[in-house]
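Read through the structure below, which is laid out as structure tokens, and then see the notes.
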Amino acid sequence: MTSTSESRAVSPCDCGDTGFRTVPRDDAICRIEALLKANRDTTLMVGVVLVEINQYQRIRASYGYRFAATLSKLVVERLNKELPAKVTVLPLGLSEFVVLLPDLKIRQQLGLAINKIQRIVFELFSVMDSSFRVNVTIGASYSVDKSVDAPELMRLADSSLLHAHDSRLPQCIHDEISDEQDEFPFLELQLDLERALEQNEITSVFQPKVEMRTGRVVGVESLVRWTSPIFGVVRPDLIIATAERSGLINNLTFQTLNNAILQYQRWGKDAVPIAVNLSTEVINDPALMRFISRRNIWGMPVEALTLEITETAFMENPDKAMEVFTEINAMGIKLSMDDFGTGYSSFEYLKNIPIQEIKIDRAFVDNMRHERKDRLIVETVAELAKGFGLRVIAEGIEDVETYHLAMDAGCDVVQGYFISRPQPPDELVEWLHRNEWYRP
Ligand code: G
Ligand code: G
Ligand code: MN
């Protein structure tokens, strides 16, 4: 039997075709090309807006394909209905649409169109008898430059969408991404990071935390450092972001934990408690729990280890984080909530969360010198934390004035360039012996 495409085609069955049909990307690019041509002798610009429904796989997995496809269809229909007739909406996939704006006079019109799209989709949809709210991420481009062709305009929109995702932004227009980022060879960086992890090239520096009342160093925070032979010094946030994006974050975390343990042993009688930062991805991974529960390989008492996690990471999946925190705590390891004040914690979680320490974000701390409101925030957080029996750290103390303000606000411990910059292990030991930090 010949298997022609016709004989293989599936005809709609009677179990309810959703009627959702996508348009190939090639066709969309042809449409863009036609719009560019029509504008060739004018100053008008073409805008390309990619709209992606967030968590689409989750919607499909939870409610089923028919529900998800119906929702997609409703999104397209509503966009078509509410946007001006000259605007084209094309579904590229179930969760991805492109909106073509044919005649922008100024860039601001693109921003307005994006706002409008967000507002249109955010209104409740009713799908198969239930109400549903959609969140989207948007990446957009426009033909600022007459030399730009349709495939390039599409690429710029794709790159903006990716950037929005990576930076957790609701939207991004291509001219908001710096050239540096656009041209940055992320793939090469990723490969080199993978190699560096295999060859133990990642090191840690340590920044002291000092108790104000006694002047005692109560511990250090370990911060990752890496000098790549290809890229030179790589910023820690870029190291972390690259590791998260490429599935290397577990390796990186194990490495930093190992660094901390080894360092603790090497310090011998000079050893101080060490805090290690954890990123969100790691919390959700059972491998972390297995790693830290193998206590027999430890050359470090569990009480000497603190794990820091940002408030934002915690709130991404608070129930899961609570569960993991409880387990970690049960092993005797301390927990610290980092960058506090930037992540919309609910008091409900704060009330029950098994942590021992709160670190007030340095944005508030640093601004105490200038704004009474920031002083008030630090005071209030300190009071709340103390009420809950938690240690309060003010991070990012850069001068004596802020040091005193932190003390007056009721913080227990300070960390920042004023006390000490993060230091390599040997220098830190010398520093501990000199104990040269300012003690009022
Ligand atoms: O010095 P600093 O520039 O070191 O660090 C920048 C950011 O990177 C901070 O927000 C810090 O929490 C984070 N960071 C530093 N080291 C680590 C690490 O080992 N693991 C994780 N997950 N984050 C780290
Ligand atoms: O997010 P986390 O709190 O882990 O970040 C620690 C980051 O803060 C590191 O990048 C560290 O180098 C930086 N840092 C530590 N002390 C200071 C300080 O006094 N001022 C500034 N600007 N950054 C600091
Ligand atoms: Mn930290």
Side-chain angles (χ1 to χ4, degrees), residues 155 158-168 177-207 220-267 274-300 305-310 312-313 316 324 333 338-339 421-429:
R155 187 192 72 81
D158 273 320
S159 143
S160 307
L161 183 60
L162 183 67
H163 182 76
H165 274 300
D166 286 347
S167 319
R168 305 190 180 189
I177 311 174
S178 69
D179 291 349
E180 185 198 340
Q181 283 166 321
D182 202 27
E183 282 160 25
F184 197 86
F186 282 109
L187 195 62
E188 278 92 71
L189 181 67
Q190 190 175 310
L191 288 172
D192 201 38
L193 178 62
E194 194 168 350
R195 183 201 53 75
L197 281 164
E198 274 164 20
Q199 301 177 358
N200 284 335
E201 236 177 62
I202 310 291
T203 60
S204 304
V205 290
F206 301 90
Q207 188 179 36
V220 291
E221 175 175 6
S222 109
L223 295 156
V224 71
R225 293 292 180 264
W226 176 40
T227 306
S228 150
I230 303 171
F231 299 94
V233 174
V234 183
R235 285 199 331 263
D237 51 346
L238 188 55
I239 303 175
I240 306 301
T242 308
E244 283 180 347
R245 213 176 298 162
S246 53
L248 295 169
I249 190 67
N250 273 334
N251 292 359
L252 183 77
T253 307
F254 297 156
Q255 183 115 21
T256 48
L257 279 166
N258 263 326
N259 286 350
I261 293 166
L262 284 175
Q263 204 45 61
Y264 190 91
Q265 292 173 323
R266 285 208 195 104
W267 276 334
I274 302 180
V276 174
N277 290 286
L278 285 194
S279 75
T280 342
E281 259 79 348
V282 180
I283 303 176
N284 297 320
D285 194 320
L288 168 79
M289 297 307 296
R290 282 199 299 275
F291 183 91
I292 57 180
S293 61
R294 290 208 314 259
R295 272 190 263 177
N296 51 345
I297 59 153
W298 284 47
M300 177 179 186
L305 182 70
T306 299
L307 298 176
E308 289 190 13
I309 167 177
T310 64
T312 312
E316 255 171 46
V324 176
I333 297 169
D338 208 356
D339 301 346
R421 292 201 167 241
Q423 307 185 58
D426 296 345
E427 287 172 32
L428 182 80
V429 169

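As the structure is a computational prediction, the values presented were derived from the model and not from experiment.
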Is any side-chain heavy atom of [X] closer than 4.5 Å to a side-chain heavy atom of [Y]?
{"X": "L305", "Y": "Y264", "result": "no"}
{"X": "L223", "Y": "P236", "result": "no"}
{"X": "L262", "Y": "Q265", "result": "yes"}
{"X": "V220", "Y": "W267", "result": "yes"}
{"X": "T253", "Y": "L278", "result": "yes"}
{"X": "L197", "Y": "I202", "result": "yes"}
{"X": "P229", "Y": "D192", "result": "yes"}

Exercise. Say whether, by atom type as modelled, one donor and one acceptor occur between the side chain of N277 and the main chain of V224 under 3.5 angstrom.
Key: no
Quiz item: Are the side chain of T256 and the backbone N or O of L252 linked by a donor-acceptor pair below 3.5 Å?
Solution: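 Yes, T256 side chain to L252 backbone: donor-acceptor pair under 3.5 Å.
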Which value, rounded to the nearest 0.5 Å, describes the distance between [X] atom [atom1] and [Y] atom [atom2]?
{"X": "T203", "Y": "Q255", "atom1": "OG1", "atom2": "CD", "answer": "9.5 Å"}
{"X": "M300", "Y": "I261", "atom1": "CE", "atom2": "CD1", "answer": "6.5 Å"}
{"X": "T242", "Y": "E188", "atom1": "OG1", "atom2": "CD", "answer": "12.0 Å"}
{"X": "F206", "Y": "E221", "atom1": "CZ", "atom2": "CD", "answer": "10.5 Å"}
{"X": "L162", "Y": "R155", "atom1": "CG", "atom2": "CZ", "answer": "11.0 Å"}
{"X": "L189", "Y": "R245", "atom1": "CG", "atom2": "CZ", "answer": "9.0 Å"}

Tell me the closest heavy-atom pair linking [X] and [Y], and the distance in Å.
{"X": "F254", "Y": "L288", "result": "CE2-CA, 4.1 Å"}
{"X": "I249", "Y": "S279", "result": "CG1-OG, 3.2 Å"}
{"X": "V276", "Y": "A260", "result": "CG2-CB, 3.9 Å"}

Quiz prompt | Pair I333-L307, side chain to side chain contact (heavy atoms under 4.5 Å, CB included): steps then yes or no | solution = CA-CA 7 Å; I333 297 169; L307 298 176; 4.0 Å; yes
Quiz prompt | Donor on one side chain, acceptor on other, E194 and S246, under 3.5 Å | solution = no
Exercise. Take F231 and L193 through the test side chain to side chain contact (heavy atoms under 4.5 Å, CB included) and record every step on the way to the result.
Key: CA-CA 10 Å; F231 299 94; L193 178 62; over 6 Å; no
Practice problem: Give the C-alpha distance, both sets of side-chain angles, the deciding distance and a yes or no for side chain to side chain donor-acceptor pair (under 3.5 Å) between Q263 and S204. | Solution: CA-CA 9 Å; Q263 204 45 61; S204 304; over 6 Å; no
Practice problem: Under the salt bridge (charged side-chain N to carboxylate O under 4.0 Å, His left out) rule, collect the residues that match up with E201, sequence neighbours excluded. | Solution: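 Checked E201 against salt bridge (charged side-chain N to carboxylate O under 4.0 Å, His left out); matches are R195.
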Practice problem: Show the numbers, then the answer: is there a side chain to side chain contact (heavy atoms under 4.5 Å, CB included) between I177 and S159? | Solution: CA-CA 9 Å; I177 311 174; S159 143; 3.8 Å; yes
